[in-house]
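Sequential numbering from 1 along the given sequence is applied to the chain's residues. This structure is a prediction, so every number in the text was calculated from the model and none was measured.
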Amino acid sequence: MLIFLYEPFIENIINSFYDMTTFVRMPGQEWKFLGLDNFKKLFTDPKIRIAIINSFKMMGLTIIFQVGIAFILAVLVSNIKRGQQFFRTVYFFPIVISATAIGLIFKLFYAYNGGMLNQLLKALDLKPINWLAPSIAFIMVSIPTLWSYVGFYFVIMLTGLSDISDDVYEAAAIDGCTKFKQVFYITIPLLRGVICTCITLGVTGALKVFDLPWVIVPKGAPQGVTHFLGTYMYEQTFTISNIDYGSTIALVIVVFGLIVAQITSKILKPDANL
């Protein structure tokens, strides 16, 4: 932890105060001290504002779609007596696939010329659509990003549901409680800790989104509207070679992650007595 996490993190903070010309300072090489210039730049950079807004949008979408859909699927599958393992495998399968492979698949889906979606529209005698136009690009990039992790939270939810005794549901059924009411009065309260954990993982993970958006629309294309904090940091560091500014963005991601995790924990109170 000290060597591979804390020491590089401290080095990253130090690097954000200097004008880095290379990734590693060579012996005898001096870097110009910039002070807070990189941090001041954050307040005037329009792309960082887009990246922050998109990252926070992704947080909301994660809670609603990733965790929400995973919970619904887990409740439905938990009521199946046979074939649970099949659904576990099917829903978890996207996690096994490389994010780069998923990104390339969806990139082919969205292609204007010859893409699967436009081929379907052509078969229906409809005009092709630019699926990655600035007005809808964020939505189209969010769909595979959200879809790819539903299975991860599904497995966590299903494991949590398996720890709830069947006797509780049987007693509720005898008292005339419907399946729908059982979800609200039994499942959700007893699964509160698991749900809170999934939400915390989801909102913090939204700040680190990188691979899928970068493969589908590299460099925040079109017109930078699909930039997330992770993709913008990568572009600044490795594409533009603005290493010190990339270090500053990396620090922002860490700070936001800590703040969001603390706020989420305070609001949800996973350990509170019900």
Side-chain angles (χ1 to χ4, degrees), residues 49-79 87-88 90-95 97 99 102-103 106 109-110 117 131-132 134-161 179-214 216-217 225-231 253 256-270 272 274:
R49 285 198 291 270
I50 293 173
I52 292 173
I53 291 171
N54 285 346
S55 294
F56 277 91
K57 282 181 182 178
M58 184 59 69
M59 285 184 196
L61 293 173
T62 295
I63 296 172
I64 296 170
F65 292 102
Q66 279 188 345
V67 179
I69 293 175
F71 174 74
I72 294 171
L73 292 175
V75 171
L76 293 174
V77 172
S78 67
N79 287 295
F87 287 102
R88 282 175 182 260
V90 169
Y91 292 140
F92 191 74
F93 188 65
I95 305 296
I97 305 174
I102 294 174
F106 274 87
F109 285 171
Y110 297 153
L117 296 180
W131 297 101
L132 296 176
S135 58
I136 60 172
F138 175 79
I139 297 174
M140 304 313 293
V141 170
S142 298
I143 290 172
T145 305
L146 295 169
W147 168 79
S148 63
Y149 271 90
V150 169
F152 174 73
Y153 299 110
F154 162 78
V155 171
I156 296 176
M157 296 276 192
L158 195 59
T159 304
L161 286 171
K179 290 283 187 182
F180 189 76
K181 288 184 178 180
Q182 287 176 21
V183 172
F184 282 94
Y185 294 110
I186 298 175
T187 304
I188 293 178
L190 294 180
L191 204 65
R192 176 172 178 165
V194 175
I195 294 173
C196 293
T197 299
C198 289
I199 291 175
T200 303
L201 290 172
V203 295
T204 53
L207 290 170
K208 300 180 289 183
V209 170
F210 165 73
D211 37 20
L212 271 169
W214 188 263
I216 299 172
V217 279
V225 298
T226 58
H227 260 314
F228 296 88
L229 284 170
T231 60
I253 295 174
F256 275 166
L258 293 173
I259 293 173
V260 168
Q262 289 298 317
I263 292 174
T264 305
S265 180
K266 292 289 183 183
I267 294 174
L268 299 176
K269 298 179 181 178
L274 297 176

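- The backbone N or O of Phe138 lies less than 3.5 Å from a partner atom in the side chain of Ser142, making a donor-acceptor pair.
- Looking at every heavy atom in both residues, Gly257 comes nearest to Thr204 through O-CG2, 3.9 Å.
- Using a distance-only test at 3.5 Å, with no hydrogens or angles considered, no donor-acceptor pair links the side chain of Tyr91 to the main chain of Phe154.
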I would like to know whether Leu207 and Met59 meet side-chain contact (heavy atoms from CB on, under 4.5 Å); could you show each step before the answer?
-> CA-CA 8 Å; Leu207 290 170; Met59 285 184 196; 3.3 Å; yes
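- The CD1 atom of Ile156 sits 12.0 Å away from the CD1 atom of Ile195 when rounded to the nearest 0.5 Å.
- Atom CZ of Phe65 has 12 or fewer neighbouring heavy atoms from other residues, nucleotides or ligands inside a 6.0 Å radius.
- Val150 places none of its side-chain heavy atoms less than 4.5 Å from the side chain of Pro94.
- Between Thr231 and Thr226 the shortest heavy-atom distance is OG1-O, 4.4 Å.
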Please step through side-chain contact (heavy atoms from CB on, under 4.5 Å) for the pair Tyr110 and Val217, ending with a clear verdict.
CA-CA 11 Å; Tyr110 297 153; Val217 279; over 6 Å; no
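- Considering only heavy atoms from C-beta on, Trp147 comes within 4.5 Å of Ile102 through its side chain.
- Residue-environment remark: CZ (Phe106) exceeds the threshold of 12 foreign heavy atoms within 6.0 Å.
- Within the model, atoms OH of Tyr149 and CD of Gln66 stand 8.5 Å from one another, a figure rounded to the nearest 0.5 Å.
- Inter-residue side-chain proximity for Pro213 and Val141 is flagged as met; some heavy-atom pair is nearer than 4.5 Å.
- No donor-acceptor distance shorter than 3.5 angstrom exists from the side chain of Thr62 to the backbone of Ala206, with no hydrogens or angles considered.
- Annotation: the span from Tyr153 atom OH to Ile63 atom CD1 amounts to 10.0 Å, rounded to 0.5 Å.
- Interatomic distance, Phe228 CZ to Met58 CE, rounded to the nearest 0.5 Å: 3.5 Å.
- In this structure, the side chains of Phe152 and Leu201 come closer than 4.5 Å at one or more pairs of heavy atoms.
- Looking at every heavy atom in both residues, Leu212 comes nearest to Pro144 through CD1-O, 3.6 Å.
- Contact of the Val75 side chain with the Met157 side chain is not registered, since no non-hydrogen atoms from C-beta on lie closer than 4.5 Å.
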Worksheet item: Going through the distances and angles, do Leu161 and Thr187 end up as a side-chain contact (heavy atoms from CB on, under 4.5 Å)?
Response: CA-CA 7 Å; Leu161 286 171; Thr187 304; 3.3 Å; yes
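- What you find for Ala137 and Leu132 is that their closest heavy atoms are CB-O, 3.9 Å.
- To the nearest 0.5 Å, atom CZ of residue Arg88 and atom OG1 of residue Thr159 are 5.0 Å apart.
- Here CD1 of Ile216 is found 9.5 Å from CG of Asp211. Values are rounded to the nearest 0.5 Å.
- Annotation for Gly230 and Ile253: closest pair N-CD1, 4.1 Å, computed over non-hydrogen atoms.
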Using the side-chain contact (heavy atoms from CB on, under 4.5 Å) rule, take Leu191 and Phe71 through it: C-alpha gap first, then chi angles, then the decisive distance, then the call.
CA-CA 10 Å; Leu191 204 65; Phe71 174 74; 3.8 Å; yes
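- Proximity of Phe256 to Phe56: side-chain heavy atoms (C-beta onward) are separated by under 4.5 Å at one or more points.
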